[in-house]
Amino acid sequence: QVQLVESGGGLVQAGGSLRLSCAASGRTFSSYVMGWFRQAPGKEREFVVAISWSGSNTDYAGSVKGRFTISRDNAKNTVYLQMNSLKPEDTAVYYCAALRYWSDYSDVAYWGQGTQVTVSS
């Protein structure tokens, strides 16, 4: 069992930055691919980015590539999402996820509770 707790969301102006953190409980954190998803009001939840078990590989959605950076610290059981050059369309609830497989982002083992990110124009 893995519990995921996100933090770091908030309100920021367009062009600003935020750093999200996701702290995981349990000793199996390093055995999961970790990812971030987001859900805007009235829209379906969408994939944002994933990072492999060791952190050596990453996969970004086109809409955030070049602006967002994912990283993980397996010693601290934590995954981070650095978000730069934020746009109003990045406004959403951001969810941390533990994924079973690399490149199969539909197979989510665990979800966090979500953290709100609001970007004002």
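Not measured: the values here are computed from a predicted model.
- Put simply, the side chain of S121 never gets that close to the backbone of P88: no donor and acceptor are under 3.5 Å apart.
- Hydrophobic clustering of Ile, Leu, Val, Met, Phe, Trp and Tyr side chains at less than 4.5 Å, counting indirect connections, unites L86 with W36.
- Distance CG/L81 to CE/M34: 11.5 Å, rounded to 0.5 Å.
- No more than 12 heavy atoms of other residues, nucleotides or ligands shown are found within 6.0 angstrom of CD on Q3.
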Practice task
Report the C-alpha separation of D90 and R67 in whole Å, then their side-chain angles, then the decisive distance to 0.1 Å, and conclude whether the side chain to side chain contact (heavy atoms under 4.5 Å, CB included) test is met.
Solution key: CA-CA 11 Å; D90 294 318; R67 299 188 298 121; 2.7 Å; yes
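- Side-chain contact check for D104 and S106: at least one donor-acceptor pair (N or O, by modelled atom type) lies under 3.5 Å.
- Residues S25 and V2 come closest through the heavy atom pair O-CG1, 3.6 Å.
- The side-chain tip of R72 points at the ring of F29 from less than 6.0 angstrom away and within 45° of straight on.
- The cluster map of Ile, Leu, Val, Met, Phe, Trp and Tyr, joined by side-chain heavy atoms under 4.5 Å apart, puts M83 and I51 in the same cluster.
- With a 4.5 Å cut-off on side-chain heavy atoms, S63 and R38 count as touching.
- Between the OG atom in S103 and the CG atom in D59 there is a gap of 8.0 Å [rounded to 0.5 Å].
- Of all heavy-atom pairs spanning G112 and Y95, the tightest one is O-CD2, 3.6 Å.
- The aromatic rings of F68 and Y94 sit tilted relative to each other, their planes meeting at an angle between 30° and 60°.
- Annotation: the span from T28 atom OG1 to N77 atom CG amounts to 8.0 Å, rounded to 0.5 Å.
- Both V93 and F47 sit in one connected hydrophobic cluster of ILVMFWY residues. Membership requires side-chain heavy atoms under 4.5 Å apart, directly or through other members.
- The shortest heavy-atom contact between G8 and L18 is O-CD2, 3.8 Å.
- When side chains are defined from C-beta on, T91 counts as touching Q116, because their heavy atoms get closer than 4.5 Å.
- Grouping the Ile, Leu, Val, Met, Phe, Trp and Tyr side chains by contacts below 4.5 angstrom, directly or via other members, places L20 with V119.
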Practice task
Go through the steps to decide whether C96 and W111 satisfy the test side chain to side chain contact (heavy atoms under 4.5 Å, CB included), and finish with yes or no.
Solution key: CA-CA 6 Å; C96 177; W111 289 103; over 6 Å; no
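- Across all non-hydrogen atoms, the minimal contact from W102 to S52 is CZ3-N, 3.4 Å.
- Checked by atom type and distance alone, the side chain of W53 never pairs as donor or acceptor with a backbone atom of S30 at under 3.5 Å.
- Residues Y60 and V79 fall within the same hydrophobic cluster, defined by Ile, Leu, Val, Met, Phe, Trp and Tyr side chains chained together at heavy-atom separations under 4.5 Å.
- Between the S56 side chain and the S54 main chain, no donor and acceptor come within less than 3.5 Å of each other.
- Side-chain contact between Q113 and E6 is present, with heavy atoms from C-beta onward closer than 4.5 Å.
- Not one N or O on the side chain of Y80 forms a donor-acceptor pair closer than 3.5 Å with the backbone of T69.
- In plain terms, the two heavy atoms of L4 and C22 that are nearest each other are CB-SG, 3.8 Å.
- Between atom CG of residue N74 and atom OG of residue S31 there is a gap of 9.5 Å, rounded to the nearest 0.5 Å.
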